[in-house]
Amino acid sequence: MEENKVSDITLSPELFEKLDDSEKNAEKIAYESSTYLQDAWKRFKQNKLALIGLIFLLIMLVLSIIVPIISPYTYDGQDLTLQHAGSSLQHLMGTDKFGRDMLVRIMCGGRISLAVGFAAAAISLVVGVVYGAISGYLGGKVDMVMMRIVDAMYSIPDMLYVIMVVVAMGANFVSIMIGVCLTFWMDMARQVRTQVMTLKEQEFSLAAFVLGAGKSRILFKHLIINSMGPIIVTVTMIVPRAIFYEAFLSFLGIGIAAPQASWGTLANDAKGLVSTYPMEVIWPVLAICLTMLSLNFIGDGLGDALDPKKK
Amino acid sequence: MSNPILKVTDLKVHFPVAGGVFSKKQVVKAVDGLNFEIMPGETFGLVGESGCGKSTTGRAIVKIYNPTEGKVEFDGEDITKIKGKELSQFRKNVQMIFQDPYASLNPRMTVGEIIREPMDIHNIYSTKKERENRVRELLEIVGLKPDHIRRYPHEFSGGQRQRIGIARTLALNPKFIVCDEPISALDVSIQAQVINLLENIQKKMDISYLFIAHDLSMVKHISDRIGVMYLGNMVEIGEADDVYNTPLHPYTQALLSAVPIPDPKVARQKKRIVLEGELPSPIDPPSGCVFRTRCPNATERCAKEKPKAVKVGNRSVACFLYE
């Protein structure tokens with residue numbers, strides 16, 4: 001029994017006692033493993049502001065869709081006997097100078113404003129991410145040419161594009177959206193390019209390369225996934241900016257044409273009446289403000305939630 | 001003697017330095033004419049100070065960098081220009097373990113996904129179930145629990161992450177692994193564990209290693225043979241014990257005299273060779289022998305000619321002192 005000797009203690013069976021079951025399971029992992037999206041949702045829920053933002057945005061979306069359908073009024077139905085009415089049971093948000101129901105008009109405006117915002121963000125997302133990722137990943141001459149094109153386009157003021165497109169294609173929803181996208185995808189492309197350039201030198205993308213992963217696999221599974229945080233932040237910046245652009249165009253008189261209305265046109269229509277009928281300005285402005293705020297909170301929450309390091 | 005599994009002949013890796021519009025184009029000679037061979041089942045240690053081209057050599061072997069000149073032969077086949085199917089086969093045979101376990105795992109993938117990725121890329125198993133089983137098996141080989149499969153890398157310590165990295169490398173059953181300072185980012189206590197793991201795997205799976213490190217005592221422990229690099233050149237190659245006990249090249253002597261000895265009595269008697277001057281820039285290396293600017297034995301000849309590797313016993317030394 002020479003081997004069992006440690007210095008001068010002789011190991012005998014009496015020195016040992018049996019483990020009880022609690023210690024046996026000490027190494028066992030107790031909590032359930034969850035998938036990436038489940039984890040992200042769990043983290044998102046912990047951020048109360050983001051959750052409130054999301055709920056508000058969903059309510060806004062649902063109301064924009066439903067209210068104009070179920071309401072007895074239409075967005076262009078005039079009632080000249082009821083001009084500038086205050087809030088009442090018939091007209092929850094009152095009426096405007098032609099006696100049109102404000103609630104229906106704001107919800108119809110919400111449809112247009114939100115659609116412009118989300119569509120612009122979605123198109124910028126796809127175009128910008130693909131363009132930026134290819135430019136950043138390939139680098140060298142390809143990157144040089146691709147980025148000089150962006151620089152050249154960037155040197156023209158944003159609003160000029162939008163106005164040119166709207167003038168050329170006529171003032172409608174599609175032309176405004178295209179104009180807005182023409183300028184916003186470049187921000188996204190630059191953002192993604194920078195991210196991809198730093199990430200592609202990191203050891204995990206080198207490791208994927210050494211494992212024999214193809215270009216598209218490295219790009220989509222390793223580089224773009226890891227740029228998701230900044231991409232989402234940029235997207236949530238684009239939505240409100242697109243809504244503002246649309247409102248600004250409406251102010252210039254080349255936006256959504258009357259009698260249709262977006263939040264921008266509603267606020268502008270009523271801006272002269274701010275001292276006499278303030279509620280007519282406050283309602284659309286409130287809609288814009290709260291939507292922007294919600295989008296910002298959601299963006300913040302998503303940025304944290306999608307990053308597993310911030311558990 | 002059998003054929004070497006890896007043979008590097010006159011390998012040069014030069015990087016262009018982006019000059020301004022008016023300045024001349026310059027090149028960094030990161031690796032400038034390396035020759036060495038690695039036998040099947042052998043561990044070849046590559047040492048040298050920071051910036052001497054160790055990692056560049058390793059990366060050129062796994063084709064992250066393309067060599068400017070020279071050949072890298074794996075199993076008798078030049079791999080510097082291979083493409084398509086041959087390249088994919090080469091990827092299965094030659095893998096790499098990276099230095100920083102915090103950077104070498106994709107933070108957005110679970111451990112299972114990370115280890116399964118090489119199998120997904122090369123379509124090794126037909127069903128998802130088989131891959132999953134293999135992942136569990138690999139986790140056990142590297143000393144992790146199969147339950148860890150759905151965790152993310154940030155939930156692990158440095159040593160555990162390095163084990164995950166090793167499991168990923170082993171997924172393809174490689175014959176040759178380039179270990180690029182796999183332990184330098186770890187705690188000393190963890191270093192020993194990882195080294196033992198690497199040694200066990202080598203015994204079990206008959207893998208050859210190119211082990212890059214700057215910790216000489218660790219390299220001596222794991223390596224069969226050692227190559228010492230200085231400024232993109234190989235100055236000495238020999239059996240690990242020989243190089244360690246009787247260094248021949250003046251640079252190796254200086255390098256080894258810097259290794260701390262854990263015995264104050266012996267340490268006090270030891271004479272430390274302190275090198276004069278700075279490490280020259282690899283953009284403009286000295287003429288002739290690159291070490292001559294700091295060598296205590298430099299002669300006029302060292303400035304004119306570049307010393308060729310000479311055989312001294314079973315060693316090779318690039319120095320005129322041994323001609």
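Below, chain A is the first sequence line, B the second, and so on; all start at residue 1. Computed from heavy atoms alone, side chains included, the values below leave out hydrogens, waters and symmetry copies.
- Interface residue B/Leu172: only side-chain heavy atoms are found under 4.5 Å from chain A.
- Listed options B/Glu113, B/Lys63, B/Arg168 were ranked by heavy-atom pairs under 4.5 angstrom with chain A; first place goes to B/Arg168.
- Minimum interatomic distance between B/Ile121 and A/Gly212 (heavy atoms only, all atoms of both residues): CG2-O, 3.4 Å.
- Residues A/Phe209 and B/Val62 are not in side-chain contact: their nearest non-hydrogen atoms beyond the backbone lie 4.5 Å or more apart.
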So A/His222 and B/Met109, side-chain contact (heavy atoms from CB on, under 4.5 Å) or not? Walk me through it. CA-CA 9 Å; A/His222 296 279; B/Met109 284 162 87; 3.6 Å; yes
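- Side chains of B/Pro153 and A/Phe204 form no contact here, defined as non-hydrogen atoms less than 4.5 Å apart.
- Ionic pairing of B/Glu117 and A/Arg217 is present here: one or more N-O contacts between side-chain nitrogen and carboxylate oxygen are shorter than 4.0 angstrom.
- Contact between B/Ser104 and A/Ala207 at its shortest, heavy atoms only, is O-CB, 4.2 Å.
- Open room surrounds NZ on B/Lys7; 12 or fewer heavy atoms of other groups in view lie less than 6.0 Å from it.
- Taking CG from B/Asp180 and CD from A/Glu203, the interatomic distance works out to 7.0 Å, rounded to the nearest 0.5 Å.
- Across all their heavy atoms, B/Arg108 and A/Asn226 have their closest contact at CG-OD1, 3.4 Å.
- Panel note: side chain B/His122, backbone A/Leu211; a donor-acceptor pair is recorded below 3.5 Å.
- Of all the listed residues (B/Arg59, B/Met96, B/Lys92), the one sharing the greatest number of non-hydrogen pairs under 4.5 Å with chain A is B/Arg59.
- Under the 3.5 Å distance criterion, the side-chain polar atoms of B/Asn106 are left unmatched by any main-chain donor or acceptor of A/Leu223.
- Heavy atoms from other residues, nucleotides or ligands lying under 6.0 Å from CE of B/Met205 number more than 12.
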